[in-house]
Amino acid sequence: MRVENSFIGVDGVGEQTERSIWEQGVTHWDEFEPGVVGGKRGDRIQRFIEEGRDHLDAADVAYFDHQFPNSEQWRLYETFRDRACFFDIETTGLDEQRNQVTTVSLHQDGETETLVAGDDLTAGNLRAAFADADLLVTFNGKRFDVPFLEANFDIDLQRPHLDLMYTCKKIGLSGGLKQVEKDIGIERDRPDISGRDAVRLWREHESGRDGALETLVSYNREDTVNLRTLADEVTGSLHDDVFVR
DNA sequence: CAAGGAGTCCTCTGAGTGTA
DNA sequence: TACACTCAGAGGACTCCTTG
């Protein structure tokens with residue numbers, strides 16, 4: 001589903017109205033004709049499409065993020081997939097006030113980058129890494145990764161953010177990232193490692209154990225890269241559930 | 001182990017729309 | 001124009017549940 005297939009978010013257009021528009025054969029902005037709804041709605045949709053085209057040309061993710069209801073944020077993904085930044089952090093615990101960030105991995109434009117505490121994990125490098133990230137994609141990142149990073153570094157991550165935890169819930173997938181991956185058949189190199197192990201691996205690294213950091217980094221990167229497969233799968237599945245063709 | 005975003009379910013209001 | 005009906009959308013109270 002691309003944003004050009006969407007009419008929801010226009011004032012006065014909800015789930016049912018959009019479905020009725022689709023069922024009348026209008027599934028794309030290009031096919032819209034005001035007659036498929038009443039006069040006022042028709043005008044508003046027309047205006048939305050005109051404005052929308054400009055914002056689409058400008059790759060203005062924030063505009064559509066603002067237009068769509070929260071529960072329909074997943075619709076941003078296909079259109080702005082190539083501007084997405086998948087990311088995941090590891091920390092020494094769950095408390096953003098007391099614990100510290102150990103590694104941050106970002107996957108964008110097909111490349112994966114990892115910043116490591118005590119080495120290159122700095123506010124400046126984070127700002128640079130997130131500079132072109134127009135759409136954040138995480139798992140539980142709204143509640144964990146973003147507030148944690150903002151609490152520990154002078155960085156602003158307020159921007160469109162697709163948190164796959166809620167997207168997964170929409171299609172009945174719950175139970176954490178590892179469980180969800182298992183449910184949809186995403187393979188892992190090291191299925192034995194968990195977030196808690198990430199805490200232990202960092203401590204081992206600090207006490208000088210060879211290989212601990214490498215394991216932690218590869219775990220963090222795998223988490224991050226898997227987010228892309230997950231996003232593809234889940235938004236595809238929602239598309240099939242929702243879209244009328 | 002900390003902590004709050006988002007979903008669910010509910011009610012209520014009023015705008016928008018089609019019909020007569 | 002009057003009317004009935006459908007929805008959208010907001011607000012409140014509650015619950016759920018994940019991250020290292």
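- Within the 4.0 angstrom heavy-atom criterion, only backbone atoms of the sugar-phosphate kind lie near A:D88; the bases stay farther away.
- With hydrogens and angles ignored, the 3.5 Å screen pairs no side-chain donor or acceptor of A:R83 with any backbone N or O of A:D134.
- Side-chain contact of A:N226 with A:T229: a donor-acceptor pair under 3.5 Å is absent, judged by distance alone.
- A:W29 and A:F48 have perpendicular rings, their planes meeting at more than 60° on a 0 to 90° scale where under 30° would count as parallel.
- The side-chain contact (heavy atoms from CB on, under 4.5 Å) test with A:L201 is passed by exactly one of A:T215, A:L213, A:T102, A:V217: A:T215.
- At whole-Å resolution of the value, CZ in A:F148 and P in B:dG5 are 16 Å apart.
- Rounded to a whole Å, the CG atom of A:L164 is 14 Å from the C1' atom of B:dA6.
- For A:F7 and C:dA8, the CZ to C1' distance is 18 Å, given to the nearest whole Å.
- Regarding contacts with the backbone of C:dA8, a side-chain N or O of A:T17 is found under 4.0 angstrom from either OP1 or OP2.
- Rounded to whole Å, atom C1' of C:dA10 lies 14 Å from atom CG of A:N70.
- Under the 3.5 Å distance criterion, with hydrogens and angles disregarded, no donor-acceptor pair is assigned to the side chains of A:Q16 and A:S20.
- The side chain to side chain donor-acceptor pair (under 3.5 Å) test with A:T114 is passed by exactly one of A:H107, A:R221, A:E90: A:R221.
- Put simply, CD1 on A:I89 is 12 Å from P on C:dT19, counting in whole angstrom units.
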Could you walk me through whether A:E222 and A:R190 satisfy the salt bridge (Lys or Arg N to Asp or Glu O under 4.0 Å) test, starting with their C-alpha distance in whole Å, then the side-chain angles of each, then the deciding distance to 0.1 Å, before giving a yes or no?
CA-CA 9 Å; A:E222 193 168 33; A:R190 295 290 303 269; over 6 Å; no
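- Ring geometry for A:Y63 against A:H55 counts as parallel: the plane angle stays under 30°, on a 0 to 90° scale with 60° as the upper cut.
- Heavy atoms of A:D43 sit nowhere under 4.0 angstrom from any nucleic acid atom.
- Between A:F243 and A:W22, the ring planes are perpendicular. Angles over 60° get that label, and only those under 30° would be called parallel.
- The environment of CG in A:D210 is sparse: at most 12 heavy-atom neighbours from other residues, nucleotides or ligands sit within 6.0 Å.
- If you check every strand for non-hydrogen atoms under 4.0 Å, A:V10 touches sugar and phosphate atoms only.
- Taking a 4.0 Å limit (strictly below) on heavy-atom distances, residues 133-145 of chain A reaches DNA chain C at A:F139, A:N140, A:F144.
- Atom CD of A:E15 has 12 or fewer heavy atoms from other residues, nucleotides or ligands within 6.0 Å.
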Generate the contact string for nucleotides 11-20 of chain B. Rules: B means base contact, S means sugar-phosphate contact only, - means no protein heavy atom under 4.0 Å.
-----SS---
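- Of the residues in residues 194-202 of chain A, those with a non-hydrogen atom less than 4.0 angstrom from any atom of DNA chain C are A:G195, A:R196, A:A198, A:V199.
- Remark: the A:Y77 side chain and the A:D232 side chain contain an N/O donor-acceptor pair separated by less than 3.5 Å.
- Among the protein residues, A:E15 comes within range of the sugar-phosphate backbone only, with heavy atoms under 4.0 Å from sugar or phosphate atoms but none that close to a base.
- Rounded to whole Å, atom P of C:dT15 lies 17 Å from atom OH of A:Y166.
- The separation between A:R98 atom CZ and C:dG20 atom P is 18 Å, rounded to whole Å.
- One can place CD of A:Q100 at 19 Å from P of B:dA2, the figure rounded to the nearest angstrom.
- Among the heavy atoms of the strands lying under 4.0 Å from A:G14 are primed sugar atoms or P, OP1, OP2 only; no base atom is included.
- Each of A:K169 and A:L94 was matched to the nucleotide of DNA chain B holding its nearest heavy atom; the match closer to the 5' end belongs to A:L94.
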